[in-house]
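These values consider heavy atoms only, across backbone and side chains, with no hydrogens, waters or symmetry-generated copies. Every number for a ligand or one of its atoms is a count from 1 in the order of the listing.
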Amino acid sequence: MNTPEIPSFQLSNGNSIPGIGLGTWLAPPGEVGEAVVAALKEGYRHIDCALIYKNEAEVGQGIKRSGVPREEIFITSKLWNTFHPNAAESLRRSLEDLGTDYLDLYNGSNELLPVNPDGSRSVDRGWDMSKTWAQMEEILASGKVKAIGVCNWSVPYLEELKKTWRVKPVVNQVELHPSLPQHELVQWCKKEGILVEAYSPLGGSGAPIASDSEIVRIAKKHDVAPANILISFHVNQGVVPLVKSTSPSRLKSNFQIVNLDDEDLKTLNEFSKQPGKAKRYNTPLWGWDLGFSDWYERS
Ligand SMILES: NC(=O)c1ccc[n+]([C@@H]2O[C@H](COP(=O)([O-])OP(=O)(O)OC[C@H]3O[C@@H](n4cnc5c(N)ncnc54)[C@H](OP(=O)(O)O)[C@@H]3O)[C@@H](O)[C@H]2O)c1
């Protein structure tokens, strides 16, 4: 088994970001703090958080308990959608809960989540996203965050934002894995110098893609677990996977990458073209109506 060091990648602001992040979504209370301690002991130095995960206080306690100095850890949090008119307040709550006076990265999302009385998604289409981004730029200038980025932004949204941004997002965090490779979006971001972060790299809850026979075949070839193939797929292509686990053994095994060869990468990049293999695991379908065109083409 060939297990190279986990690389770091450079952001457009000149800072570096560790090549694998620990995901904390759905990491339950009572477990997430221990998972953070275990991950930091294992060598992880990048933690992906969000106000909406409702566990940032316990993540912050885990960071303190680990004994790893704050400045050695890359911490991301995210503006929650209902705070678009008041980004500073969303940030204030995250900083307080995480027990830190700065973040390495603060990401803004592009949709609102409240529901209508009939249960359908209530999205304020009238909201001008450039107003949110202007607040993110102010937050950056305040020094409370070292970088600002976006989550779930498709190409048409990004093209629109580009008309008014003074600071471009350093990352775009989106669902990304062999069943949803979003080649067009990834290429667009690379061209702009925006680093892509892959969320749900294993397909989310229960890691459904890890049991696919083709992924298992590549894993056997490299003598690693299928999850390592799904994680390495991104790292090998300059994308940062955010992987959630609260299991000490999986935290350990996930923190291992392999060098995939051209044939493996071709298989993984073309995986979603096979009948029944294209799948988006997260809802709502972020950017559905305004982009994710390569997903559209297959639907
Ligand atoms: N910005 C956004 O809109 C957004 C949306 C979704 C996610 N995210 C971020 O991305 C992170 C990762 O995405 P995700 O949590 O949806 O899913 P994921 O990391 O693809 O998968 C997590 C699931 O896989 C299991 N798992 C982990 N390692 C495994 C392994 N080696 N073998 C088998 N199963 C394994 C985990 O269970 P155990 O814990 O029991 O190991 C959990 O059920 C999130 O935690 C969050 O930080 C961001």
Side-chain angles (χ1 to χ4, degrees), residues 18 20-36 38-39 42 44 46-56 58-59 74-81 90 94 98 103 105-113 148-154 157 169 171-180 182 185 196-212 215-216 219 224-235 239-258 279-288 292:
I20 294 182
L22 174 71
T24 58
W25 183 40
L26 300 181
E31 285 182 34
V32 65
E34 278 313 308
V36 166
E42 203 51 56
Y44 288 74
H46 174 180
I47 306 178
D48 185 73
C49 315
L51 184 69
I52 190 62
Y53 301 165
K54 297 185 188 150
N55 56 13
E56 289 190 317
E58 196 175 324
V59 170
F74 190 102
I75 306 178
T76 299
S77 186
K78 308 182 194 87
L79 170 76
W80 179 237
N81 296 315
S90 183
S94 287
L98 287 163
L103 295 175
L105 174 62
Y106 197 48
N107 284 344
S109 301
N110 76 340
E111 296 277 345
L112 300 176
L113 271 188
I148 49 176
V150 293
C151 295
N152 299 304
W153 282 62
S154 50
Y157 276 113
V171 305
N172 186 15
Q173 181 180 130
V174 295
E175 180 177 337
L176 209 70
H177 42 67
S179 288
L180 186 66
Q182 308 212 56
L185 177 65
V196 176
E197 294 183 324
Y199 74 66
S200 304
L202 311 179
S205 226
I209 312 173
S211 52
D212 182 276
I215 308 297
V216 171
V224 290
N228 297 106
I229 298 303
L230 296 167
I231 293 164
S232 303
F233 170 56
H234 296 298
V235 180
V239 168
V240 174
L242 307 168
V243 198
K244 178 261 171 182
S245 183
T246 49
S247 142
S249 64
R250 287 191 286 274
L251 277 170
K252 184 179 170 69
S253 65
N254 288 347
F255 201 61
Q256 223 178 71
I257 55 162
V258 287
K279 190 160 171 55
R280 176 187 295 275
Y281 286 93
N282 288 267
T283 54
L285 301 176
W286 304 102
W288 173 259
F292 290 115

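Proximity to Leu202 (heavy-atom distance under 4.0 Å) selects the following atoms of ligand 1: 20 (O), 21 (O), 24 (O), 26 (N), 27 (C), 28 (N), 29 (C), 35 (C). Atoms of ligand 1 lying under 4.0 Å from any heavy atom of Cys151, numbered from 1 in the order shown and given with element: 1 (N). Within the listing of ligand 1, atoms 6 (C), 7 (C), 16 (O), 44 (C), 45 (O), 46 (C), 47 (O) sit less than 4.0 angstrom from a heavy atom of Trp25. Of all the atoms in ligand 1, the ones that sit under 4.0 Å from a non-hydrogen atom of Ser205 are 43 (O). Ligand 1 places these atoms under 4.0 Å from at least one heavy atom of Asp48: 9 (C), 46 (C), 47 (O). With ligand atoms numbered from 1 in the order given, ligand 1 contributes 11 (C), 44 (C), 45 (O), 47 (O) to contacts under 4.0 Å with heavy atoms of Gly23.
Checking Thr246 against Glu34 by side-chain atom types alone, no donor-acceptor pair falls below 3.5 Å.
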Show your working on side chain to side chain contact (heavy atoms under 4.5 Å, CB included) between Ile148 and Leu105 and close with a plain yes or no. CA-CA 5 Å; Ile148 49 176; Leu105 174 62; 5.6 Å; no

Evaluate Tyr281 against Glu175 for side chain to side chain contact (heavy atoms under 4.5 Å, CB included), listing each step before the verdict. CA-CA 8 Å; Tyr281 286 93; Glu175 180 177 337; 3.6 Å; yes

Might you work through the side chain to side chain donor-acceptor pair (under 3.5 Å) test for Tyr199 and Asn152, ending with a clear yes or no? CA-CA 10 Å; Tyr199 74 66; Asn152 299 304; 2.6 Å; yes

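Side-chain atoms of Asn228 never come within 3.5 Å of backbone atoms of Ile257 as a donor-acceptor pair (strictly under, hydrogens ignored). In this structure a side-chain-to-backbone donor-acceptor pair under 3.5 Å is missing from Thr24 to Ala27. In this structure, His46 contributes its side chain and Pro18 its backbone to a donor-acceptor pair below 3.5 Å. No donor-acceptor distance shorter than 3.5 angstrom exists from the side chain of Asn254 to the backbone of Val243, with no hydrogens or angles considered.
A side-chain contact (heavy atoms from CB on, under 4.5 Å) with Glu56 is found for one member of Leu98, Val32, Ile75 and no other, namely Leu98.
Looking at Asn107 against ligand 1, nothing comes within 4.0 Å, counting heavy atoms. Proximity of Asn254 to ligand 1, defined as any heavy-atom pair under 4.0 Å, is confined to the side chain (atoms from C-beta onward). At a heavy-atom cutoff of 4.0 Å, ligand 1 is contacted by the side chain of Tyr53 but not by its backbone. At a heavy-atom cutoff of 4.0 Å, ligand 1 is contacted by both the backbone and the side chain of Lys244.
The shortest N or O to N or O distance between Ser253 and ligand 1 is not below 3.5 Å. The N/O atoms of Gly204, backbone and side chain alike, include one that comes under 3.5 Å of an N/O atom in ligand 1. Checking only distances, Gly206 does come within under 3.5 Å of ligand 1, N or O to N or O. On a distance-only criterion, Ser247 and ligand 1 share no N/O pair closer than 3.5 Å.
Note on ligand 1: Gly203 sits in its first shell, one or more heavy atoms being nearer than 4.0 Å. Distances from ligand 1 to the non-hydrogen atoms of His177 include no value under 4.0 Å. Residue Leu26 places every heavy atom at 4.0 Å or more from ligand 1.
Among Ser200, Ala227, Pro201, the residue whose heavy atom lies closest to atom 16 (O) of ligand 1 is Ser200. Of the candidates Glu31, Gln173, Lys78, it is Gln173 that places a heavy atom closest to atom 48 (C) of ligand 1.
Residues Tyr106 and Ser77 form a side-chain contact, since some pair of their non-hydrogen atoms from C-beta on lies under 4.5 Å apart. Within the 4.5 Å cutoff, no side-chain heavy atoms of Thr76 are placed close to those of Ile47.
Salt-bridge check for Asp48 with Lys78: passed, with a basic side-chain N closer than 4.0 Å to an acidic carboxylate O.
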